[in-house]
Asker: 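Let me give you the structure first, and then I'll get to my questions.
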Amino acid sequence: MVVMDILGELNPEQVSAVRETSGPLLILAGAGSGKTKTLTHRVANLIVNQGVDPSDILAVTFTNKAAREMRQRLGSLVGRNASDRMFMPWMGTFHGICVRLLRIEGAAIGVADNFVIYDDSDKQGLIKQAIKHLQIGDKALKPKSVSSAISNAKNSLVLPGEYAATAYGPYQTAIAKIYQQYEAMRVKAGALDFDDLLIEIVRLLKEHPTIRHKWQSKFKHILVDEYQDTNAAQYQIVKLLVNEDRNICVVGDDWQSIYSWRGADFTNILNFERDFPGTKVIKLEQNYRSTKAILEAAQNVITKNVKRTDKKLWTDGDSGLPVQVHQVYDEAEEAHTVARHIFMETETKVRDFSDYAVLYRTNAQSYTLERALLQMRLPYQIVGGVRFYDRKEIKDIIAYLRLVYQPSDRMSFSRIVNTPTRGVGATSLEKFLIWQMTSGFDIVSALINVEQTSTITKRAKTALAELGSKIRILQAMVEENKMPAEIIEKLLKITNYRDFIQDGTPQGEERDENIGSLLSDAKNFVSLTDYLEEVALMSSVDTASDDNVVTLMTLHAAKGLEFPVVFMVGVEEGILPHARVYEAGPDELEEERRLCYVGMTRARQELHMLHASSRLQFGQRSYSLPSRFLDDVAADIVPRSETSSYSPDEPSYDMVPEFDINDRVESLQFGTGQVVDVDGMAVSVKFDSGTTKKLNVEYARLQKIG
DNA sequence: CGGTTGCACTTTTTT
DNA sequence: AGTGCAACCG
């Protein structure tokens with residue numbers, strides 16, 4: 001009976017994907033083929049009908065959000081509470097799972113259980129310090145490129161020694177030195193970067209057979225989603241965790257591999273059958289998401305690629321509207337076209353805001369779209385972009401917490417030592433750190449004992465000692481297992497942090513509100529370890545809400561999602577495909593095509609692709625051609641005149657009001673003020689708030705008043 | 001020491 | 001155009 005429940009709503013291929021419970025299984029799941037559903041049912045079937053203990057199942061997803069969703073669906077499928085952690089399988093991203101394992105087993109390879117996780121900006125900061133320490137003056141060594149070089153090395157499991165041995169030329173030699181120095185400093189700070197989380201697990205499982213066997217026999221069934229986007233380290237982890245029963249099921253689609261730039265290698269999925277002889281292969285080709293028109297256009301785009309598997313997605317759904325291609329004059333018109341379309345349909349209640357997604361290649365493109373949506377008062381959310389936890393004020397608080405948690409974390413200490421300002425400048429900081437290194441104290445103890453050094457001014461000493469006692473107070477709270485939110489509240493209080501950021505400006509107000517959000521979010525956690533881990537591993541899509549708002553995000557962030565109406569903007573040569581791949585090879589161009597395919601297949605009913613003739617880039621206007629990918633889209637070309645025929649507020653010259661000096665004006669953004677200068681379209685206004693702004697009247701939407 | 005100003009650089013994509 | 005960083009001045 002339960003079997004019926006679990007298999008009832010599935011098509012024959014999906015059913016066999018669920019029933020094939022032993023041995024290696026490869027599921028090639030096309031876009032929209034019900035992959036998540038199949039995976040969830042598979043897990044449910046293992047638990048309910050095969051009697052597998054949930055905690056013996058390991059399910060790896062690409063984002064935390066995907067894990068959460070799966071947990072939810074699984075819960076309702078088997079009639080259990082999704083938040084019942086005791087019942088649930090091990091679910092999470094590779095990074096999340098690795099952190100969990102490291103907290104348990106890290107001691108075996110010398111990883112203390114209070115390690116902190118460095119994100120990309122922490123990593124680049126440390127690389128800068130390493131470069132400085134090594135006194136490498138070469139300007140060609142940008143922290144960013146060094147960072148990705150080190151990442152590539154790590155993801156291919158190349159350690160510093162090995163890298164140095166094979167380094168060729170002055171550039172690589174320099175990188176090798178920095179890599180080594182970076183590692184030394186990172187270990188000393190008690191930190192792991194994203195890549196370390198993976199490769200330390202590889203090391204653990206390789207070097208410690210007993211531990212490996214323990215986890216191999218623990219995980220009786222392993223499932224990996226988005227297998228086409230695994231890198232070398234993740235591949236190793238899978239191989240090391242699979243036991244002799246080889247109950248390994250991977251799901252993926254080489255057509256949707258879009259992360260090769262961060263080490264993902266879709267040959268992992270192509271080679272799966274070779275890696276696990278006797279693999280059963282199941283193809284899911286029936287699409288339940290998109291109309292025939294969208295599916296066909298997407299198929300036409302992707303099949304131009306040479307390196308790919310063969311498959312044919314089909315649907316028995318409607319043919320639907322043809323894909324619409326809009327040519328527009330520039331990025332502003334592009335944004336207005338999108339906003340206007342959404343405005344018309346939501347105003348007439350044809351659709352909800354949440355029916356729409358606007359997808360773009362680069363984050364920088366979101367700016368114009370945002371402004372257009374704001375102007376028409378359309379509610380929206382940006383997924384990714386400047387992440388919440390990347391904001392200065394949030395990073396400050398997190399840095400405090402990390403230092404409390406890991407008193408060797410020099411990066412975090414350097415960040416907060418003079419935040420809020422307490423009279424400790426670069427000179428004092430350097431002197432303090434030099435002394436601290438030789439003193440044998442960790443940073444917090446060194447702060448408390450700072451009077452023992454003679455090199456620092458009395459003023460700075462007092463400030464440092466005070467900071468030390470504050471950190472000590474917070475450490476005591478951690479030892480008493482106080483809740484993270486409580487600790488943050490105390491921290492804000494004793495540092496006066498909120499007064500520090502409230503400088504009377506609206507931005508200061510916004511920062512303070514962000515601190516408020518941080519606090520309410522922290523209330524969901526019961527331990528500082530969990531909280532810091534969540535903060536570090538939160539991905540950009542994880543922050544998406546399901547409120548009734550328009551969603552803006554990059555094509556990458558859209559992977560795995562679907563929307564009734566999708567707008568792809570900037571479908572131009574130089575953007576999609578991105579200009580960077582022109583100098584790269586055909587493989588990179590194929591990845592751009594896959595990216596285009598991923599974007600197109602997000603759409604359920606309507607797909608709009610827009611390209612502008614001109615666009616502002618780097619503050620300069622540049623001209624671009626329609627993307628080559630559009631050549632393969634069987635589409636209706638929407639003429640320009642049609643897209644701009646209904647025009648509630650298209651800026652046009654006869655609509656732009658004339659201004660004279662001394663006119664009283666009002667702006668939505670800046671309030672009321674007085675015109676002090678007029679120069680063609682540029683009008684300078686002294687606002688009543690005190691600030692003077694030079695505004696372009698075509699866009700600033702100034703209203704004459706009085 | 002700390003704030004301000006000016007300059008250079010930016011744009012792929014993110015766990 | 002916006003941001004981050006380096007040099008400069010108070």
Side-chain angles (χ1 to χ4, degrees), chain A residues 60-67 92-99 117-121 123-125 128 139 142-144 147-148 151 154-155 192-198 226 229-231 233-234 257-264 331 359-368 371 383-387 389-390 392 418-429 457 459-460 463 503 533-543 553-559 570 574-584 588 591-592 594-596 598-599 615-622 696 699:
Chain A
V60 185
T61 58
F62 195 69
T63 62
N64 295 305
K65 191 181 170 221
T93 61
F94 271 106
H95 292 84
I97 300 284
C98 287
V99 168
I117 302 168
Y118 275 3
D119 69 15
D120 222 52
S121 76
K123 183 179 168 188
Q124 279 181 44
K128 262 185 215 165
K139 283 266 158 58
K142 292 193 215 79
K144 210 172 176 182
S147 170
S148 73
S151 240
K154 285 192 176 184
N155 281 326
L192 300 182
D193 64 28
F194 284 144
D195 307 319
D196 294 326
L197 299 176
L198 306 175
E226 307 282 9
D229 280 323
T230 48
N231 64 27
Q234 293 165 337
S257 162
I258 53 175
Y259 281 95
S260 75
W261 49 273
R262 70 174 209 216
E331 75 281 0
L359 310 181
Y360 37 81
R361 178 65 177 83
T362 66
N363 279 307
Q365 290 169 257
S366 70
Y367 192 78
T368 325
R371 288 194 43 152
V383 175
V386 180
R387 302 212 317 271
Y389 286 99
D390 286 342
K392 265 199 193 73
N418 204 29
T419 312
T421 43
R422 49 174 71 88
V424 182
T427 328
S428 299
L429 172 62
T457 61
R459 218 181 109 123
D503 50 6
E533 180 184 318
E534 166 88 5
V535 167
L537 296 182
M538 175 118 64
S539 75
S540 58
V541 272
D542 295 336
T543 60
M553 63 187 147
T554 62
L555 289 162
H556 282 88
K559 187 167 96 160
I575 296 191
L576 182 67
H578 196 274
R580 283 276 287 252
V581 309
Y582 292 160
E583 49 201 85
E588 282 77 5
E591 179 144 320
E592 295 289 308
R594 290 194 293 271
L595 198 49
C596 185
V598 167
R615 184 175 294 277
L616 207 56
Q617 265 179 319
F618 300 105
Q620 288 228 305
R621 191 144 290 283
S622 57
N696 184 328
Y699 299 108

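What you see is a predicted model; the values in this text were computed from it and never measured. Here is the naming used below: chain letters follow the sequence lines, and residue numbers restart at 1 for every chain.
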Asker: According to a cutoff of under 5.5 Å between the ring centres and under 30° between the ring planes, does A:Tyr259 stack with the base of B:dT14?
Answerer: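 No; centroid distance or tilt outside limits.
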Asker: Run the side-chain contact (heavy atoms from CB on, under 4.5 Å) test against A:Val99 and tell me which residues pass, sequence neighbours left out.
Answerer: A:Arg103, A:Phe115, A:Ile117, A:Leu197, A:Glu533, A:Leu537
Asker: Tell me every residue that passes side-chain contact (heavy atoms from CB on, under 4.5 Å) with A:Ser148, counting only those two or more places apart in sequence or in another chain.
Answerer: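 Scan of A:Ser148 (side-chain contact (heavy atoms from CB on, under 4.5 Å), adjacent residues dropped) gives none.
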Asker: Please state how far atom CG in A:Leu429 lies from atom C1' in B:dG2, giving the value in whole angstrom units.
Answerer: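 Value for this atom pair: 15 Å.
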Asker: Figure out the NE2/P separation between A:His556 and B:dT13, and round it to whole Å.
Answerer: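 Taking atom P of B:dT13 as the reference, NE2 of A:His556 is at 9 Å.
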Asker: Does A:Thr63 place a side-chain N or O at less than 4.0 Å from the phosphate oxygens OP1/OP2 of B:dT15?
Answerer: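 Answer is no, no contact under 4.0 Å.
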Asker: Sequence neighbours left out, what passes salt bridge (Lys or Arg N to Asp or Glu O under 4.0 Å) with A:Glu592? Give chain and number order.
Answerer: A:Arg361
Asker: Would you tabulate the nitrogen or oxygen pairs shorter than 3.5 Å linking the protein to nucleotides 8-10 of chain C?
Answerer:
none

Asker: Please produce a list of atom pairs where a protein N or O lies less than 3.5 Å from an N or O of nucleotides 1-3 of chain C.
Answerer:
residue, atom, partner, partner atom, Å
C:dG2, OP1, A:Tyr367, OH, 3.4

Asker: Take the protein atom CZ of A:Arg422 and the nucleotide atom P of B:dC1, then report the distance between them rounded to whole Å.
Answerer: 14 Å
Asker: Expressed as a whole number of angstroms, how long is the span from A:Asp193:CG to B:dT14:P?
Answerer: 18 Å
Asker: With a 4.0 Å cut-off on heavy atoms, is A:Val424 in touch with a base, just the backbone sugar-phosphate, or nothing at all?
Answerer: sugar-phosphate
Asker: State which residues pass salt bridge (Lys or Arg N to Asp or Glu O under 4.0 Å) with A:Arg459; sequence neighbours excluded, sorted by chain then number.
Answerer: none
Asker: Could you work out, with side-chain contact (heavy atoms from CB on, under 4.5 Å) as the rule, every residue matching A:Thr554, not counting sequence neighbours?
Answerer: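 In terms of side-chain contact (heavy atoms from CB on, under 4.5 Å), with neighbours along the sequence ignored, A:Thr554 is linked to A:Tyr360, A:Asn363, A:His556, A:Ala557.
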Asker: Report each atom pair, protein N/O against N/O of nucleotides 3-9 of chain B, whose distance is under 3.5 angstrom.
Answerer:
none

Asker: Could you tell me how far apart A:Leu197 (CG) and B:dT14 (C1') are, to the nearest whole angstrom?
Answerer: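 Between C1' of B:dT14 and CG of A:Leu197: 14 Å.
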Asker: Between A:Asn418 and B:dC1, does any side-chain N or O lie under 4.0 Å from OP1 or OP2?
Answerer: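 For A:Asn418, the contact criterion (side-chain N or O under 4.0 Å from OP1 or OP2 of B:dC1) is not met.
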Asker: Does a nitrogen or oxygen in the side chain of A:Asn363 sit under 4.0 Å from OP1 or OP2 of B:dT13?
Answerer: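 Answer yes for this pair, as a side-chain N or O of A:Asn363 is under 4.0 Å from OP1 or OP2.
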Asker: Using the closest heavy atom to pick a nucleotide of DNA chain B for each, name whichever of A:Gly96 or A:Ser428 lands nearer the 5' end.
Answerer: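 Whichever sits nearer the 5' end wins; that is A:Ser428.
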Asker: Output all residues satisfying side chain to side chain donor-acceptor pair (under 3.5 Å) with A:Asn155, sequence neighbours left out; order by chain, then residue number.
Answerer: A:Asn231
Asker: Could you give the distance from CG (A:Asp229) to CD1 (A:Ile258), rounded to the nearest 0.5 Å?
Answerer: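 Reported value, rounded in 0.5 Å steps: 6.5 Å.
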Asker: Among all residues two or more places apart in sequence or in another chain, which pass the side-chain contact (heavy atoms from CB on, under 4.5 Å) test with A:Ser622?
Answerer: A:Gln617
Asker: Can you measure A:Glu592 atom CD to B:dT11 atom C1' for me and round it to whole angstrom units?
Answerer: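 For the pair A:Glu592 CD and B:dT11 C1', the rounded distance is 13 Å.
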Asker: Of the candidate nucleotides B:dT15, B:dT11, C:dG4, which contains the atom at the shortest distance from the side chain of A:Arg262?
Answerer: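 Shortest atom-to-atom distance from the side chain points to B:dT15.
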Asker: Rounded to the nearest 0.5 Å, how far apart are CZ of A:Arg594 and OG of A:Ser257?
Answerer: 4.5 Å
Asker: Mind checking what makes salt bridge (Lys or Arg N to Asp or Glu O under 4.0 Å) contact with A:Lys123, not counting sequence neighbours?
Answerer: A:Asp195
Asker: Once you round it to whole Å, what is the distance between C1' of B:dT13 and CD of A:Gln365?
Answerer: 11 Å
Asker: Which nucleotide sits closest to the side chain of A:Ala364: B:dT14, B:dT15, B:dT11?
Answerer: B:dT11
Asker: In whole angstrom, what separates A:Lys559's NZ from B:dT13's C1'?
Answerer: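 Result: 12 Å.
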Asker: Taking salt bridge (Lys or Arg N to Asp or Glu O under 4.0 Å) as the test, write out the residues that go with A:Glu226, two or more places apart.
Answerer: A:Lys35, A:Lys559
Asker: Could you tell me the separation between the CG atom of A:Leu576 and the OG1 atom of A:Thr362, rounded to the nearest 0.5 Å?
Answerer: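 It is 10.5 Å, given to the nearest 0.5 Å.
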Asker: Reckon A:Lys144 has a side-chain N or O less than 4.0 Å from the OP1 or OP2 of B:dT10?
Answerer: no
Asker: Over all strands shown, is A:Lys128 touching base, sugar-phosphate only, or nothing at heavy-atom distances under 4.0 angstrom?
Answerer: sugar-phosphate
